[in-house]
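In what follows, a structure is listed as C-alpha cells, so that the remarks can point back to it.
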Amino acid sequence: MTLSASSIQTLTQLSYLVAAALFILGLKRMSSPVTAVSGVRWAGAGMVLATVVTLIFMGASPFNLALVIGAIAVGGILAWVSGKRVAMTDMPQMIALYNGMGGGAAAAIAAVQLYRGGEHSVVHLTIATIGGFIGSVSFSGSLIAFAKLQGLITKSVRFGGQKFLNLAILLATVGLGFMVVSGTGPGMPAVSLFFVLALLLGVAMTLPIGGADMPVVISLYNALTGLAVGFEGFVLDNAAMIIAGTVVGAAGTLLTQLMAKAMNRSLGNVLFSNFGESSAAGGSGVTGSQKAIEASDAGVMMAYSQKIIIVPGYGLAVAQAQHKVWELTQLLIDHGVKVRFAIHPVAGRMPGHMNVLLAEAGVPYDLISDLDEINAEFETTDVALIIGANDVVNPDARANRASPIFGMPILNADKAKNVIVIKRGQGQGFSGIDNALFVLDQTRMLYGDAQAAVNQLIQAVKAAG
Amino acid sequence: MIDGVIALYIFMLAAFTGYEVISRVPVILHTPLMSGSNFVHGIVLVGAMVALAAADTTLLRVIGVVGVVLAAGNAVGGYVVTERMLQMFVSAGRRKGP
C-alpha cells in the first residue's frame, strides 16, 4: 500500500459512513412489502463494503490476516448452508441463533479489550464491560431461546426463589464488572468469572420463560445485541458499529414493545412473572366437553357455506400445512365460498410469522386480514376454521378476569355460526391455558396433524361435488 | 478518535432514526424486519476483525477467532434468512396480479 496512514483512516471511516447510510436506507425499504427485497440487498451491499475495506486496511500481520479470513470462511459458510436449508417454519429459532452469535461476537470484542489490559481510560473500560455484559446475556439467552423453539429444551425450568437467584447472579456480575473497570479485582480471573456469570445470567433468565413469550424474548435479545454492538463500536471508535448497533437497539426495543402490547403483556411481565404459575391458578373457568367431528362432515359443511374465515396458528407452521391450506382455499373459492384469512398479531411464534408462511404458499395479500379489519365479520361467517391456533381465539381473554390472558385482544371466532378446530389432541395449548372456545355448542373438534386434517378436508370438499 | 460528546450525539441521532424507521411498519413485516435488523447488527463483524487483527497473544487470538466466526455467522445467516423471507413476499405479490 502506498497510502499514508491518515488517508487510510479517512477512507475506512468514509466507507463506514456509506455502510451506515445503506443500513438505514435498507431498513427503511424493508418496511414496505414492495421495496423490501431491495432493502435487504442495500444493507447487504453496505455490509460487504465495510467488510472488504476493513479487510484491506486493518493492517494485520499475515498470520492474523489468515486467521481472520479463515474464521470468516468457517462462520460464513456454516451460516450460509444452515440459512439456505432451514424450513420457513423454523425461521424464528434461526433468527434467535444468528442473533445470539452477534451478541457473542460483541462479548468477544469486549473480552479482547479487557484481557489485553493496558492503558485504557475508565470510560473506555466501562463501555467495553457493559457491552460485554449485554452481549454475553444476549448470546446465552438467545441460545436457550433457540433450543426451546427447536424442541431441544421442552420444559420451562422453574423453582422457588428463582428470581432471587437470578438477582444474586445479576448483582455478582455487576460487582465483578466494577472490579474489572476499577482494576481492584484479581485481574484476569475476575474478567473470566465476569463473563461466566454474565453467560449464566442469560441462561437463568431465559429458562423459566414459556414458549408463548419467546417472540418477545427473541426481539428483546435482538435489541440487546444491537446495543452491545453499539457499545463495542464506541470502544473501537467505529462509527458504523455505533450507528448500526444503536439503530437496531432502538428499532428492536420498539418492536419488542409492539409485540408485548399485541399480547397485552408488559415486558416486565414477560421476563419476571412465570406464565405457568398464574395459569394454574386462573385456568379453572372452563367447563364442558369438546365435541369431535369427522373430516367428511366438516368438509360438507364447508363446501356448502357462503363465508369461511380461516384462523391459522402455530399448529399450521409445525405441520407445514400452508400449501395444503391454500389448496383447500382455492377449492372452496371454486365452490363459490368466500374465504378469508384472519391473522392475529402474535399468531405463531412471531408477529408476521403466519403472513410469511401464507406468502410462501402463494396466498394473495387481499385474502389476508388482520384483527381490526376482520373481527366484525365473524358474526356473518358460517364457518370459522381454526388451524392450530389456541390462545389467540380464546374468548376467556374477553370475559374471564381470572384468565392469565385476560385483556389480550383476540379474534372473535366464537361469534361465528360454526367453529371447526383442527388440533392435535385434547390437551392444552402451548401456553397451558384451557380454551373456552373448544367447548362451545357450535364448536366441533377435528383431531389430528394440521396437514393430514386439511388433506382430509380437501378430499371431503371434492367428494361433496 | 471519536470525541466523547460527538459519540453521544451519534448515539442519540441513531436511536431516533431506529425508532422512526420502524414505527410505520405493517405487522406483516415485523418478522422479516426483526430478521433484517438482526442482519444489520452483523456489522459487529468489522469490529471482531479489527480485534483479531490486533491480537498478539494466543488467548486473544482464540477469543478473536471465536468472535469473527460468530460475527460472520450473524451477518451471513441474517442476510440469507431475511432475503429468503422477503423473496416470498415478492412472489406472492406478483402472483396476485393478472
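Protein chains get the first letters and strands the later ones, always in sequence-line order, with residue 1 at the start of each.
- By number of non-hydrogen pairs under 4.5 angstrom with chain B, the leading residue of A:K84, A:M94, A:K28 is A:K84.
- With values rounded to the nearest 0.5 angstrom, B:S35 atom OG is found 11.0 Å from A:I218 atom CD1.
- With a threshold of 4.5 angstrom between heavy atoms, A:T51 approaches chain B through its backbone and through its side chain.
- In this structure, chain B has a heavy atom under 4.5 Å from the backbone of A:S32, while its side chain stays farther away.
- Chain A forms the most heavy-atom pairs under 4.5 Å with one residue out of B:D56, B:V68, B:V21, B:V46, and that residue is B:V46.
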Chi angles and distances behind the side-chain contact (heavy atoms from CB on, under 4.5 Å) call for B:H41, A:N222: CA-CA 9 Å; B:H41 66 52; A:N222 185 40; 2.9 Å; yes

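- In this structure, the portions of A:V86 lying under 4.5 Å from any heavy atom of chain B include both its backbone and its side chain.
- The residue among A:L255, A:L236, A:L367 with the most heavy atom pairs within less than 4.5 Å of chain B is A:L255.
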Going by atom type alone, with no hydrogens or angles, which donor-acceptor pairs under 3.5 Å involve a side-chain atom of residues 33-48 of chain A and a protein atom two or more places apart or on another chain?
from  : atom 1 : to    : atom 2 : distance (Å)
A:T35 : OG1    : A:R29 : O      : 2.7
A:S38 : OG     : A:R29 : NE     : 2.8
A:S38 : OG     : A:R29 : NH2    : 3.3
A:S38 : OG     : A:T35 : O      : 2.7
A:R41 : NE     : B:E83 : OE2    : 2.9
A:R41 : NH2    : B:E83 : OE2    : 2.7

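- Using a 4.5 Å heavy-atom threshold, the side chains of B:L45 and A:I72 count as touching.
- When all heavy atoms of B:G77 and A:A79 are compared, the pair lying nearest together is N-CB, 3.5 Å.
- By the 6.0 Å contact criterion, OH on A:Y115 is enclosed, its count of non-hydrogen atoms from other residues, nucleotides or ligands being greater than 12.
- With a 4.5 angstrom heavy-atom cutoff, B:L13 does not touch chain A via any of its atoms.
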Assess the residue pair B:V44 and A:E232 against the criterion (side-chain contact (heavy atoms from CB on, under 4.5 Å)); give the C-alpha distance rounded to whole Å, side-chain angles, the decisive distance to 0.1 Å, and a yes or no. CA-CA 8 Å; B:V44 71; A:E232 297 312 322; 5.8 Å; no

Run the side-chain donor-acceptor check on residues 56-69 of chain A: report pairs under 3.5 Å with partners two or more places apart or on a different chain.
from  : atom 1 : to    : atom 2 : distance (Å)
A:S61 : OG     : A:N64 : N      : 3.2
A:N64 : OD1    : B:R61 : NE     : 2.6
A:N64 : ND2    : B:L52 : O      : 3.3
A:N64 : ND2    : B:A53 : O      : 2.8
A:N64 : ND2    : B:A55 : O      : 2.9

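- Pairing each heavy atom of B:A72 with each of A:A71, the nearest pair is CB-O, 4.5 Å.
- Residues A:T54 and B:V50 form a side-chain contact, since some pair of their non-hydrogen atoms from C-beta on lies under 4.5 Å apart.
- A:F139 places a side-chain heavy atom less than 4.5 Å from the side chain of B:L70.
- To the nearest 0.5 Å, atoms CD1 (A:I95) and CG (B:N38) are separated by 6.5 Å.
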Tell me, with the steps shown, if A:M30 and B:T82 meet side-chain contact (heavy atoms from CB on, under 4.5 Å). CA-CA 10 Å; A:M30 270 185 251; B:T82 308; 4.1 Å; yes

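- Between the B:R84 side chain and the A:G83 main chain, a donor and an acceptor come within less than 3.5 Å of each other.
- No other option in A:I243, A:L97, A:V53 has as many heavy-atom pairs under 4.5 Å with chain B as A:I243.
- Highest contact tally toward chain A, considering only B:E20, B:M12, B:M49, is held by B:M49 [criterion: heavy-atom pairs under 4.5 Å].
- Among A:S31, A:A250, A:A244, the residue with the largest count of heavy-atom pairs under 4.5 Å with chain B is A:S31.
- When each of A:L55, A:V81, A:T225, A:V235 is checked for heavy-atom pairs under 4.5 Å with chain B, A:T225 comes out on top.
- Rounding to the nearest 0.5 Å places CZ of B:F11 at 6.0 Å from CZ of A:F234.
- At a threshold of 4.5 Å between non-hydrogen side-chain atoms, the residues B:T31 and A:P92 do not count as touching.
- Across every non-hydrogen atom of A:A105 and B:G67, the tightest pair is CB-O, 3.4 Å.
- Both the backbone and the side chain of B:V69 come within contact range of chain A, judged by heavy atoms closer than 4.5 Å.
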